[in-house]
Amino acid sequence: MKAIITVIGKDKVGILAMIANECAKENINILDVSQTIVDGFFTMTMSVDIQGMDTALSAFSERMDGLGKEKGLVIRVMHQDIFDSMHKI
């Protein structure tokens, strides 16, 4: 099972590390990362394996949303099936 994590916000030191640490806490394996900084804004898409996850995806998603608000970022976590459905033409 896979999920997609997206992060958008003003660039600052440690965003990728913060997300990676949160994933490690939940036994989530990072499969792929794409990040870009344009005009001082950070965007990242991360594909993760949630097979060994310790909590429910919905609980992790809510926690990441709260962390994003605390850090001035927009962090979204969704199951890959939902992400794929949203991006079909």
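All figures in this text were calculated on a predicted structure; none of them were measured in a lab.
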Asker: Can you sort out the partners of Ser47 under side chain to side chain donor-acceptor pair (under 3.5 Å), two or more places apart, ordered by chain and number?
Answerer: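 Per chain and number, Ser47 pairs via side chain to side chain donor-acceptor pair (under 3.5 Å) with no residue.
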Asker: Only one of Thr6, Ile8, Thr36 clears side-chain contact (heavy atoms from CB on, under 4.5 Å) with Thr45; which?
Answerer: Thr6
Asker: Give me each pair satisfying salt bridge (Lys or Arg N to Asp or Glu O under 4.0 Å) with a member in residues 31-54, each pair once, sequence neighbours excluded.
Answerer: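 Of all non-adjacent pairs touching residues 31-54, none passes salt bridge (Lys or Arg N to Asp or Glu O under 4.0 Å).
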Asker: Heavy-atom distance under 4.5 Å between the side chains of Leu31 and Asn29, does that happen here?
Answerer: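 SC-SC contact between Leu31 and Asn29 confirmed.
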Asker: Quick one: side chain to side chain donor-acceptor pair (under 3.5 Å) partners of Lys10, sequence neighbours excluded?
Answerer: none
Asker: Would you please name every residue forming a side chain to side chain contact (heavy atoms under 4.5 Å, CB included) with Ser58, sequence neighbours left out?
Answerer: Ala56
Asker: My understanding is that only residues two or more places apart in sequence, or in another chain, count here; which of them pass salt bridge (Lys or Arg N to Asp or Glu O under 4.0 Å) with Asp65?
Answerer: Lys69, Arg76
Asker: Does Lys71 offer a backbone N or O that forms a donor-acceptor pair with the side chain of Lys12 under 3.5 Å?
Answerer: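 Side chain of Lys12 to backbone of Lys71, a donor-acceptor pair under 3.5 Å: yes, one is there.
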Asker: In the hydrophobic clustering (ILVMFWY, side-chain contacts below 4.5 Å, transitive), which residues join Met1, or is it alone?
Answerer: Ile5, Val7, Ile15, Leu16, Met18, Ile19, Ile28, Ile30, Val33, Ile37, Phe42, Met44, Met46, Val48, Ile50, Met53, Leu57, Phe60, Met64, Leu67, Leu73, Ile75, Val77
Asker: Only counting residues at least two apart or in another chain, list the ones meeting side chain to side chain donor-acceptor pair (under 3.5 Å) with Lys25.
Answerer: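 Scan of Lys25 (side chain to side chain donor-acceptor pair (under 3.5 Å), adjacent residues dropped) gives Glu22.
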